[in-house]
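Worksheet for the structure shown next.
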Amino acid sequence: MSNIVSEIIGEIKARDPNQPEFHQAVEEVVTSLEPVLKKRPEYVKAKMLQRIAEPERLMMFRVPWVDDQGQVQVNRGFRIEMNSAIGPYKGGLRFHPSVNLSILKFLAYEQVFKNSLTTLPMGGGKGGSDFDPKGKSDNEVMRFCQAFMSELFRHIGPDTDVPAGDIGVGGREIGFLFGQYKKLRNEFTGVLTGKGLNWGGSLIRPEATGYGAVYFAAEMLATRGETLKGKTCLVSGSGNVAQYTVEKLNEMGAKSVTLSDSSGYIYDPAGISPEKLAFVMDLKNVRRGRMQEYASKFKGATYTAVNPKLDHNPLWAHKAQCAFPSATQNEVNGIDAQNLIKGGVYVVSEGANMPTTPEGISVYLENKILYGLGKAANAGGVATSGLEMAQNSMRYSWTREEVDNRLKMIMKSIHKACVEAAAAYGHPGNYVIGANIAGFLKVADSMMDQGVV
Ligand code: NDP
């Protein structure tokens with residue numbers, strides 16, 4: 001690592017010493033940009049990397065609400081408006097008890113580069129709350145969403161900041177949030193994406209992140225003259241991203257053999273067929289149950305509970321060719337990455353944000369596998385949110401085929417941008433360097449044009 005790179009990373013870490021996830025994301029990006037900083041010293045002089053790591057604006061607020069027992073509950077709400085150099089702030093809301101500033105800053109920071117890669121005019125943001133929707137009634141979730149939006153509405157708008165879903169925020173939550181925004185503002189605008197189809201949502205938005213991660217894997221495989229047909233795939237998570245990853249893998253002739261939740265994972269060597277996936281969708285989205293039920297329902301499938309004493313996740317040790325981590329950050333560590341390679345995996349396409357630790361990424365790179373990092377591979381979700389914004393502005397809806405074709409084209413162009421940037425800066429085939437450089441250049445040049453603001 002050059003002096004300048006370590007100085008920049010040190011300066012950013014020293015400013016917020018207790019934010020490990022944020023540091024991890026910054027370190028990955030800044031290290032990847034080393035060849036750019038050598039060629040373009042003006043970015044160093046302009047303190048571009050320090051500026052991009054500092055949110056333009058950060059809101060933290062109290063969210064008080066009343067549960068079904070009449071007890072007052074207090075949660076903390078956040079919105080981080082990270083960067084608006086290329087468009088309005090755009091990025092999801094996460095409701096999960098682990099949510100804190102470090103996690104949201106890492107997500108907002110990643111979002112800036114990801115949105116830049118999509119080719120659409122979107123800045124980066126992220127937000128959420130430490131509220132846990134698990135085990136809450138629909139009425140409790142509604143009251144929480146209304147309380148959360150009662151503060152957030154002042155800061156967002158269709159030309160300012162357009163939130164969407166993420167972990168714990170799906171169609172139900174977006175509905176409650178939108179309803180409260182509309183009531184407070186008395187206007188019907190495309191202020192959130194992931195909306196219901198009857199009230200401004202886009203076809204394919206729920207599917208987009210998972211479908212996009214599969215399209216990205218297909219693009220990577222095409223560089224070796226291969227396709228997904230006949231491949232066995234490990235998928236983690238069982239939420240929005242995981243479900244539509246499995247759906248698209250089935251359509252493309254591949255076989256998914258695992259899914260998980262925070263309690264454990266299922267392994268189904270026969271494959272998660274469309275019928276079994278329909279069961280998972282009902283289980284997770286309607287009944288809000290746990291994946292363990294899958295193994296009782298389908299013969300031949302096994303369930304393994306999370307064992308906190310293990311230093312690895314056995315899900316990643318099954319034999320396969322492809323892996324789609326689609327649950328959460330740092331779910332694949334160095335040992336897991338070694339196990340993936342030992343089990344025959346040579347394609348990793350990340351549906352989740354930063355699911356692989358730095359040690360795991362080093363294992364992928366040393367083994368020269370096809371590794372599509374989250375900010376490139378899962379950009380289909382936000383890209384389709386961008387398409388939802390475009391349809392809302394036009395007050396018009398595209399067909400399923402139109403949106404899916406645009407999504408495919410966007411994933412192709414993200415792949416091409418990564419490949420070209422990696423080659424131009426001397427690291428052919430390295431998607432980490434390619435994605436970070438391609439995402440950075442557009443934002444940095446726009447910031448240069450706009451002066452020190
Ligand atoms: P969901 O809430 O729909 O599903 C999340 C899944 O991950 C659930 O199965 C959940 O299990 C599991 N999970 C969550 N936290 C943990 C944890 N700490 N340990 C183990 N498992 C966990 O979220 P999404 O599918 O929308 O998001 C999944 C990932 O994809 C996230 O990293 C998100 O940032 C990323 N992403 C999502 C996009 C989108 O469009 N939705 C866009 C781009 C990226 P359980 O049911 O037990 O909570």
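As the structure lists them, so they are numbered: ligands from 1, and atoms in each ligand from 1.
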Would you please name every residue forming a side chain to side chain contact (heavy atoms under 4.5 Å, CB included) with Arg76, sequence neighbours left out?
Met60, Phe78, Asp130
Consider every N or O of Gln329 and every N or O of ligand 1, then say whether any pair is closer than 3.5 Å.
no
Short N or O distance, Ser263 and ligand 1, threshold 3.5 Å exclusive:
no
Would one find an N or O of Ala242, backbone or side chain, under 3.5 Å from an N or O of ligand 1?
no
From Asn436 CG over to Glu28 CD, what is the distance, rounded to the nearest 0.5 angstrom?
5.0 Å
Using a strict 4.0 Å cut-off to heavy atoms of Lys134, name the atoms of ligand 1 that fall inside it.
45 (P), 47 (O), 48 (O)
Consider every N or O of Asn378 and every N or O of ligand 1, then say whether any pair is closer than 3.5 Å.
no
Which atoms of ligand 1 are found less than 4.0 Å from any heavy atom of Arg290?
45 (P), 46 (O), 47 (O)
Purely on distance, is any nitrogen or oxygen of Arg205 under 3.5 Å from one on ligand 1?
yes
Using a strict 4.0 Å cut-off to heavy atoms of Arg94, name the atoms of ligand 1 that fall inside it.
31 (C), 32 (O), 33 (C), 34 (O)
Return the set of residues passing side chain to side chain contact (heavy atoms under 4.5 Å, CB included) with Lys13 (not counting sequence neighbours), or none when no residue passes.
Ile9, His23, Glu27
Short list, please: which atoms of ligand 1 are under 4.0 Å from a heavy atom of Ala352?
29 (C), 30 (O), 32 (O), 35 (C)
By number and element, which atoms of ligand 1 are closer than 4.0 Å to a non-hydrogen atom of Lys284?
46 (O)
Do ligand 1 and Val241 have nitrogen or oxygen atoms that lie under 3.5 Å from each other?
yes
